[in-house]
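Read through the structure below, which is laid out as structure tokens, and then see the notes.
Note that the numbering runs from 1 along the sequence shown for the chain.
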Amino acid sequence: MQYQNPILSGFHPDPSICRVGKDFYLVTSSFEYFPGIPIFHSRDLVHWEQIGHCLTRNSQVHLVTGAPNCLNIYAPTIRYHEGTFYVVVTNVTGDNHGNFIVTATDPAGEWSEPIPLPFAGIDPSLFFDDDGKVYYLGTDGGIYLSQLDIATGEAIGETHALWQGTANNPEGPHLYKINGMYYLLLAQGGTELCHMAVLARSKSILGPYEPCPHNPILTNIGKNLPIKAAGHADLVDDADGNWWAVCLGNRPLAYPFRHNLGRATMLVPARLENGWFYLGEDRAVLPEFTVEHAPAEEIPAGYAACSAVTDDFRGDSLHLMWNYIYNPVEGLIQQTASGLQMHGNEVSLWEDAPKAWLGRRQEHFCCTAEADLHFVPQQEGEEAGLTVYMNPAHHYEIARTMRDGGDCVILRRRIGGLCAVEQVLPYSDETMTLRLECDRDRYRFSFRTADGTVQPVGSGETQYLTTEAGGCFTGNYIALYASGNGKPMTTTATFTRFSYQPEAE
């Protein structure tokens, strides 16, 4: 069997995985985007279907502004024990790191209200020992462990320091018990090019932990591979006893290295040999692996390797691909029989605040997105359109608006403190199709009129919408939006279709 990495492309960092029978479940970080913590299901570890989110209600999580791409939902861990799924996670709200657990018996259904935890730091994990005790692992300058009352979230007894790792920035700990030995896996080196995974083991859960003699057990440092910054791994065995690891990594556009899709989820084969784990090929994450054992007997219908989708917004709920920025504000976005209606508030795209914005991850270097828009602005500054968006300071958009008293279509680019409307084309019809074509070099914008005429509007370089140019922990989104740019809109913008089509790279 051959498979390609990433298994979840685009912004899907900090993966954690568990197995129940022959079914695998995986969660990733979501930062300021809502709903939070997407959850996926697979039968073969390669083909994944999103089945929901763990944080779907405002009562479960409060997402804060102040540092786009840097705050809120960090590094969840998913575990299953005696009929219940547990996800433990950190909400980073400035200087405060609130850790909590949510639970579910059906991972595709509603998850519980949070159980708050009294622990500091980030990147929490849970471990269910075979003597019935439950433990919490966290990161706060080093890796620590505390026994936990899983029902109440209360700590039991003292907190124990376990291991500092072998390099800087120990984080993302996961603990496993295999053949009577405790294995502690963690990330180090920071989540940039020096990212890695390191391993230690002990006969006692409290240590001392013996470092693996071939640490780091996973890293792409110094390797001429298209995947960089590999690390933050989680181990899982399949029903046949084979071991695997999921981890994050990014794929730069070119040299000098810069990436626009965010940190994605990778899969590497693993083996336990002579009491230690060996991951990947010579410890590396390859873009393609050939493996002898594949856990799936049959790939269920609907599980596709690509993310092609067309949404007419006619369902009872939004497609699972969609996210808001921060907690949604009632009344700004409504799904109706006529389509997706947006009533923009006074917040502009370049302001760090909740807004009438609905986006999906850009998951491929080469892709095309289209949106059918019905909108005629009634006052100066009202606009609705299609944006490729890294954060408030880095985005390009095509928009229908009123400018200097006239109806028009504009192309605007914002790169840090620089912002320019680079094209203004008169346009007065009520309907149009907005189009964005993406490749490794440029984002190209155009629109199609009701009679089928295609009008190019302009383009922008991908390199300025990259993490290295102005982002941090997330990747680019392709989003629908509406804004009054200083005052609430008096007009409704209605989107009746959105499509996303990956293309050959």
Side-chain angles (χ1 to χ4, degrees), residues 5 12-17 28-29 70 74-77 88-90 92 97 99 119-127 136-145 159-176 182-202 207-223 225 227-236 243-250 252 257 259 262-268 270 272 276-286 467 472-473:
N5 277 314
H12 292 107
D14 309 318
S16 177
I17 192 170
T28 67
S29 298
C70 298
Y74 275 40
T77 295
V88 60
V89 71
T90 309
V92 179
H97 298 168
N99 292 291
F119 303 109
I122 62 171
D123 293 7
S125 187
L126 295 175
F127 175 70
Y136 174 95
L137 291 94
T139 305
D140 193 15
I143 308 304
Y144 69 91
L145 176 142
T159 295
H160 304 271
L162 292 188
W163 190 40
Q164 292 291 119
T166 64
N168 63 306
N169 298 324
E171 58 188 355
H174 296 304
L175 190 64
Y176 318 89
Y182 294 93
Y183 289 87
L184 180 57
L185 177 66
L186 57 135
Q188 289 213 275
T191 194
E192 299 83 31
L193 293 178
C194 290
H195 211 29
M196 65 184 77
V198 295
L199 183 71
R201 69 182 183 184
S202 174
Y209 279 84
E210 172 195 3
C212 177
H214 57 269
N215 273 329
I217 65 167
L218 182 72
T219 182
N220 279 24
I221 296 173
K223 295 181 171 67
L225 291 169
I227 296 170
K228 305 295 182 184
H232 201 109
D234 195 7
L235 289 163
V236 69
W243 285 97
W244 307 83
V246 292
C247 68
L248 65 78
N250 69 52
F257 299 134
H259 66 287
R263 298 169 298 158
T265 293
M266 314 289 172
L267 176 71
V268 297
L272 182 59
W276 293 108
F277 275 99
Y278 295 79
L279 271 57
E281 182 173 303
D282 190 23
R283 303 183 292 177
V285 181
L286 303 183
T467 294
C472 196
F473 296 135

If I take atom [atom1] from residue [X] and atom [atom2] from residue [Y], how far apart are they, to the nearest 0.5 angstrom?
X      : Y      : atom1 : atom2 : result
Ile227 : His259 : CD1   : NE2   : 13.0 Å
Arg263 : Thr28  : CZ    : OG1   : 10.0 Å
Gln188 : Thr219 : CD    : OG1   : 11.0 Å
Phe119 : Asp140 : CZ    : CG    : 12.0 Å

Parallel, tilted or perpendicular: ring planes of Tyr136 versus Tyr144, cut at 30 and 60 degrees: tilted

[X] side chain to [Y] backbone, donor-acceptor under 3.5 Å:
X      : Y      : answer
Asp123 : Pro173 : no
Thr265 : His12  : yes
Ser202 : Pro208 : yes
Thr77  : Pro124 : yes
Asn5   : Met266 : no
Asp234 : Val246 : no
Asp14  : Ser29  : no
Asn215 : Leu199 : yes

Looking at every non-hydrogen atom in both residues, tell me the closest pair between [X] and [Y] and how far apart they are.
X      : Y      : answer
Ala270 : Leu279 : CB-CD1, 3.8 Å
Val285 : Asn220 : N-OD1, 2.8 Å
Arg283 : Pro216 : CD-O, 2.8 Å
Pro170 : Thr139 : O-CG2, 2.8 Å
Leu248 : Pro15  : N-CD, 3.9 Å
Ala233 : Leu218 : CB-CD2, 4.3 Å

With Glu210 via salt bridge (charged side-chain N to carboxylate O under 4.0 Å, His left out) - residues at least two apart: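 Listed in chain order: Arg201.
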
May I ask you to test the [X]-[Y] pair for a side-chain heavy-atom distance under 4.5 Å?
X      : Y      : answer
Leu162 : Leu137 : yes
Phe127 : Leu145 : no
Ile217 : Leu185 : yes
Trp163 : Leu186 : yes
Asn250 : Lys228 : yes
Ile122 : Val92  : yes

Set of residues satisfying side chain to side chain contact (heavy atoms under 4.5 Å, CB included) with respect to Ala187, sequence neighbours excluded: Glu171, His195, His232

Side chain to side chain donor-acceptor pair (under 3.5 Å) against Ser125, all qualifying residues, sequence neighbours excluded: His174

Test applied, ring-ring contact (aromatic ring centres under 6.0 Å, His included); reference residue, Tyr183; option that passes from Trp243, Tyr176, Tyr209, Phe277: Phe277

